Amino acid sequence: MSNAPAKPATAISPTRQEEFPEWYQQVIKASDMAENSEVRGCMVIKPWGYGIWENIQRQLDRMFKETGHSNAYFPLLIPLSYLAKEAAHVEGFAKECAVVTHHRLEAQKQDDGSVKMVPTGELAEPYVIRPTSETIIGAAFARWVESYRDLPLLINQWANVMRWEMRPRIFLRTAEFLWQEGHTAHETRAEALAETEQMLRVYETFARDHLALPVLTGEKSPRERFPGAESTLCIEAMVQDRKAIQAGTSHFLGQNFSTASGIQFTGRSGAREFAWTTSWGVSTRLIGTLIMAHSDDDGLVLPPRVATQQIVILPVTPKEDSKQAVLDACDALAKELRALQFAGEPLRVQVDRRDLPGGTRNWEWIKKGVPLRIEVGPRDLEKGSVAVSRRDQGLKEKAFVPTAEFVSSAPGLLESIQAGLLARATVFRDAHMVRLTDREEFERFFTPRNADKPEIHGGFAVVDWAGSSEDEDALQKQLGVTIRCLPFGDEWHQPGTCFYTGQPSTRRAVFAKAY
RNA sequence: CGGGGCGUAGCUCAGCUUGGUAGAGCGCUUGCUUUGGGAGCAAGAAGUCGUCAGUUCGAAUCUGGCCGCCCCGACCA
């Protein structure tokens with residue numbers, strides 16, 4: 001018997017039940033995805049995390065191209081005056097802007113001999129580091145559009161943006177984050193509305209089929225709307241503490257920004273008209289959403305389609321004389337697997353040749369959430385088989401499969417894991433999305449039993465709603481909940497009685513606590 | 001911006017009340033032993049104790065200023 005302290009039952013401590021926010025941080029640390037940087041509110045995305053982003057980027061980008069969009073790039077810095085062009089927009093972002101006021105540094109010797117760098121060369125007009133690019137892209141669109149024949153303009157940009165958030169949380173809300181922002185201009189209102197909806201559907205499809213996230217689609221209430229938008233559509237996900245995360249948004253901007261930026265064209269009748277614009281985006285927040293939705297108390301669990309590596313091969317080399325044969329077999333297996341495809345892309349396979357105790361190495365990959373772990377040792381070589389472990393099943397479960405059989409079944413296994421994660425997340429979401437009809441029920445639903453250390457509670461409350469923005473404000477103050485989504489679809493447009501005001505209502509809303 | 005907490009080795013922290021010149025665990029390096037499972041033993045490397053000033057013969061420890069970070073609220077993809 002060992003005197004060493006027993007290893008905890010789970011790789012991650014605390015568990016989700018014990019302390020969800022801390023669990024989230026620990027999963028990120030244990031999987032080596034990212035870390036906080038020396039710059040306040042900013043993160044360093046490490047290879048394992050950035051790989052996920054690259055996969056998201058590549059796969060989404062293909063969907064954007066398939067719907068007719070082209071990529072372009074606009075400046076990081078936006079003239080201060082541009083931001084002021086749209087009243088609601090400037091009000092929405094003014095409180096979180098980083099401003100560039102100087103363009104030069106001067107070294108000044110201090111009395112103690114040290115050197116202090118002092119900004120000089122003040123700019124006539126300060127620049128704002130883009131919190132979003134509607135205004136500067138709007139200015140470009142104004143130059144590019146002359147005739148209805150120039151429309152629609154369908155542009156996307158992959159970029160970083162900066163919002164000086166009060167309370168950063170890695171991946172979910174960082175001061176600088178990576179995203180894509182689509183910006184389009186159209187001849188008619190109907191076309192722009194169709195675009196707004198089309199891109200929401202792209203996001204919904206991507207979330208479901210690539211991230212294994214079931215999302216609600218619908219519209220934001222006026223108080224949750226993007227500053228300057230006429231309407232904001234959203235996909236809303238539920239994560240394992242039953243809170244909501246806005247995973248993507250698509251905005252119908254009407255003619256607000258075209259008027260502000262002067263995006264005008266000569267129409268079919270010869271009259272000068274303002275274009276109808278949209279914008280839509282998803283960010284590195286998707287990674288945070290993934291983590292919170294799928295991971296467990298042993299660490300990250302990645303959907304195969306976006307996993308940095310889908311299969312890791314672990315050579316088991318207990319004896320020196322068989323070591324080389326095992327390593328060669330692993331390389332050969334990796335090569336065979338990489339020649340196969342899953343979801344239209346070559347399999348991503350890594351051989352972990354590091355000379356570490358087997359258990360240590362195995363646990364590392366569990367914590368990194370790699371979908372399939374394959375062990376190959378001398379005994380397997382003799383039998384011509386491999387040991388296969390799935391991240392979505394028990395950690396000790398291991399299937400011994402003839403090598404050739406495993407190779408041909410690998411894409412299918414990944415598909416099964418991908419589908420399993422979506423099914424599991426859907427069951428969870430549905431189990432915690434409940435129909436509520438009166439105020440008391442609603443309050444009970446969103447009130448933890450233990451006020452000092454709130455347990456995981458609540459979820460998505462589906463209610464008949466006819467309230468105002470003020471009513472929504474009051475509910476946020478009282479219970480910390482907001483309307484996450486006014487979902488689309490006939491089943492959400494039933495006549496009823498508002499649970500809050502008692503007035504007749506025509507539609508249902510989803511309330512939840514949110515990230 | 002309000003309310004709490006904290007800055008000591010790569011990480012997590014002890015030491016501070018009662019000043020005497022730096023510790024543990026994990027991690028890292030090396031060797032031996034192990035090896036189908038987050039290994040054992042041994043040796044080793046690694047810290048101007050956030051910063052500036054004060055008190056003192058002497059400060060991680062006492063006093064004051066400053067800086068930074070984390071958590072909880074308001075704001076938010």
Side-chain angles (χ1 to χ4, degrees), chain A residues 2-11 13 19 21-22 25-26 29-30 35-41 91-97 110 112 114 131-132 160-181 203 220 223-224 226-227 232 234-237 244-251 279-289 298-299 314-320 322-323 326 355-367 373-381 386-387 389 395-396 398 400 452-454 473 476-477 480 482 514-515:
Chain A
S2 158
N3 295 326
K7 282 285 170 191
T10 58
S13 170
E19 212 184 329
E22 180 60 21
Q25 311 254 82
Q26 292 303 326
K29 195 170 170 184
E35 62 190 20
N36 281 313
S37 83
E38 50 277 66
V39 182
R40 196 206 80 103
E91 201 188 321
F93 285 106
K95 279 176 284 185
E96 49 191 50
C97 283
Q110 304 294 290
D112 63 3
S114 66
T132 178
N160 56 341
V161 289
M162 178 156 268
R163 299 180 188 177
W164 210 262
E165 299 291 352
M166 290 297 138
R167 209 178 127 205
R169 269 160 141 315
I170 200 159
F171 282 124
L172 293 175
R173 195 181 304 110
T174 43
E176 180 188 10
F177 57 96
L178 305 182
W179 77 346
Q180 57 71 214
E181 45 181 328
Y203 289 154
K220 285 289 180 195
R223 79 187 277 291
E224 297 277 321
F226 176 76
T232 288
C234 63
I235 55 171
E236 205 75 21
I245 297 192
Q246 180 175 308
T249 45
S250 184
H251 313 292
S279 70
W280 28 275
V282 298
S283 72
T284 35
R285 168 178 261 205
L286 286 179
I287 298 176
T289 309
D298 291 309
L314 304 167
V316 180
T317 55
K319 296 190 192 77
E320 201 53 43
S322 58
K323 188 171 177 179
V326 168
D355 183 25
L356 286 174
T360 305
R361 216 175 34 175
N362 196 34
W363 273 106
E364 214 173 277
W365 291 106
I366 291 169
K367 288 185 279 192
R373 306 188 302 282
I374 309 304
E375 293 166 43
V376 180
R379 296 211 294 265
D380 302 303
L381 281 196
V386 294
S389 306
L395 300 182
K396 297 273 160 64
K398 219 186 267 191
F400 294 90
D452 295 336
K453 191 175 174 294
D473 274 336
Q476 157 139 50
K477 282 225 174 72
T482 48
Y515 277 98

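Reminder, nothing fancy here: chain letters follow the sequence lines and each chain counts from 1. These numbers were taken from a predicted model, which means no experiment stands behind them.
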TODO: Could you check how far CG of A:Leu356 sits from C1' of B:rU34, rounded to whole Å?
DONE: 14 Å
TODO: Counting heavy atoms from C-beta on, name the nucleotide in B:rG38, B:rA77, B:rC72 closest to the side chain of A:Glu165.
DONE: B:rA77
- [ ] For nucleotides B:rA14 and B:rC52, find the distance between their P atoms and express it as a whole number of Å.
- [x] 24 Å
Open item on the list: Judged by each residue's nearest nucleotide on RNA chain B, which is more toward the 5′ side, A:Lys367 or A:Thr249?
Closed with: A:Lys367
Task: Minimum heavy-atom distance between A:Leu172 and A:Ile245, given as atom pair plus value - done: CD2-CD1, 3.9 Å
Task: Test: A:Asp473 and A:Arg223 ion pair at under 4.0 Å - done: yes
Task: Charged N-O contact under 4.0 Å between A:Lys220 and A:Glu236 - done: yes
Task: P atoms of B:rG38 and B:rC26, separation to the nearest Å - done: 15 Å
TODO: Would you mind classifying the nucleic acid contact of A:Thr174 as base, sugar-phosphate or nothing, using non-hydrogen atoms under 4.0 angstrom?
DONE: base
Task: Whether A:Phe226 and A:His251 hold their rings parallel, tilted or perpendicular, with breakpoints at 30° and 60° - done: parallel
- [ ] Pick base, sugar-phosphate or nothing for A:Gly281, based on heavy-atom distances below 4.0 Å to the nucleic acid.
- [x] nothing
Task: Interatomic distance, A:Asp355 CG vs B:rC32 P [rounded to whole Å] - done: 13 Å
Task: B:rA45 versus B:rG50 - spacing of their C1' atoms, nearest Å - done: 24 Å
Open item on the list: Is A:Thr360 close enough to B:rA39 that one of its side-chain N or O atoms is under 4.0 Å from OP1 or OP2 there?
Closed with: yes
Open item on the list: Counting only side-chain heavy atoms from C-beta out, which of B:rA77, B:rC75, B:rG36 sits nearest to A:Asp380?
Closed with: B:rG36
- [ ] List the atom of A:Ala387, the atom of A:Phe400, and the distance in Å for their closest heavy-atom pair.
- [x] CB-CE2, 3.7 Å
TODO: Just call it for A:Lys29: base, sugar-phosphate, or nothing, with non-hydrogen atoms closer than 4.0 Å on any strand.
DONE: sugar-phosphate
Open item on the list: Expressed as a whole number of angstroms, how long is the span from A:Arg223:CZ to B:rC76:P?
Closed with: 8 Å
Task: Separation of B:rG10 C1' from A:Glu35 CD (nearest whole Å) - done: 11 Å
TODO: Identify whether any heavy atom of A:Gln246 sits under 4.0 Å from a base atom; if not, whether one sits that close to sugar-phosphate; answer base, sugar-phosphate or nothing.
DONE: sugar-phosphate
Open item on the list: When both hydrogen-bonding distances must be under 3.5 Å and the geometry is Watson-Crick or G-U wobble, what is B:rC69 paired with, if anything?
Closed with: B:rG5
TODO: May I ask you to say what A:Arg379 touches in the nucleic acid, namely base, sugar-phosphate or nothing, with a heavy-atom cut-off under 4.0 Å?
DONE: base
TODO: Assign each of A:Pro378 and A:Pro21 to its nearest nucleotide of RNA chain B by heavy atoms, then name whichever residue's nucleotide is nearer the 5' end.
DONE: A:Pro378
TODO: Of all the heavy-atom pairs spanning A:Ala237 and A:Thr289, show the shortest one and how long it is.
DONE: CB-CG2, 4.0 Å
Open item on the list: Need the pair for B:rC62. Rule: Watson-Crick or G-U wobble, both distances under 3.5 Å, any strand; none if unpaired.
Closed with: B:rG54
- [ ] Using atom CD1 of A:Ile374 as one end and atom P of B:rG36 as the other, report the distance to the nearest whole Å.
- [x] 19 Å
TODO: Indicate the atoms forming the closest heavy-atom contact of A:Pro227 with A:Phe93, along with that distance.
DONE: CG-CE1, 4.1 Å
Open item on the list: Using atom P in both nucleotides, what's the gap between B:rG64 and B:rU17 to the nearest angstrom?
Closed with: 15 Å
Task: Any strand: nucleotide that pairs with B:rC13 via Watson-Crick or wobble, under 3.5 Å - done: B:rG23
Open item on the list: Using Watson-Crick or G-U wobble geometry with both distances under 3.5 Å, which nucleotide pairs with B:rG31?
Closed with: B:rC41
- [ ] Return the nearest nucleotide to the side chain of A:Trp363; candidates are B:rG38, B:rU12, B:rA77.
- [x] B:rG38
Task: Whole-Å distance separating the NZ atom of A:Lys319 from the C1' atom of B:rG36 - done: 10 Å
Open item on the list: Applying a 4.0 Å non-hydrogen cut-off, can you work out what A:Leu314 is touching in the nucleic acid: base, sugar-phosphate, or nothing?
Closed with: nothing
Task: Donor/acceptor link under 3.5 angstrom from A:Asn362 side chain onto base of B:rG36 - done: no
- [ ] Please give the nucleotide sitting opposite B:rU18 as a Watson-Crick or G-U wobble pair, both distances under 3.5 Å, or none.
- [x] none
Task: Value in whole Å for how far the C1' atom of B:rC75 lies from NZ of A:Lys477 - done: 13 Å
Task: C1' gap between B:rG25 and B:rU63, integer Å - done: 34 Å
Task: Whole-Å P distance, B:rC6 and B:rU12 - done: 16 Å
Task: Separation of the C1' atoms in B:rC41 and B:rU34, to the nearest angstrom - done: 11 Å
TODO: Any chance you could measure A:Arg163, atom CZ, to A:Thr174, atom OG1, to the nearest 0.5 Å?
DONE: 10.5 Å
Task: Nearest-neighbour nucleotide for the A:Ala11 side chain, B:rG38, B:rG36, B:rC76 considered - done: B:rG38
Open item on the list: Rounding to an integer number of Å, can you tell me how far A:Asn36 CG sits from B:rU12 P?
Closed with: 11 Å
Task: Stacked pair A:Phe177-B:rA77, distance under 5.5 Å, angle under 30° - done: yes
- [ ] Just name whichever nucleotide pairs with B:rU48, Watson-Crick or G-U, keeping both distances under 3.5 Å, else none.
- [x] none
Task: Spacing of the P atoms in B:rC16 and B:rC1 (rounded, Å) - done: 35 Å
Task: Short side-chain N/O contact to B:rC71 OP1/OP2 from A:Gln25, under 4.0 Å - done: yes
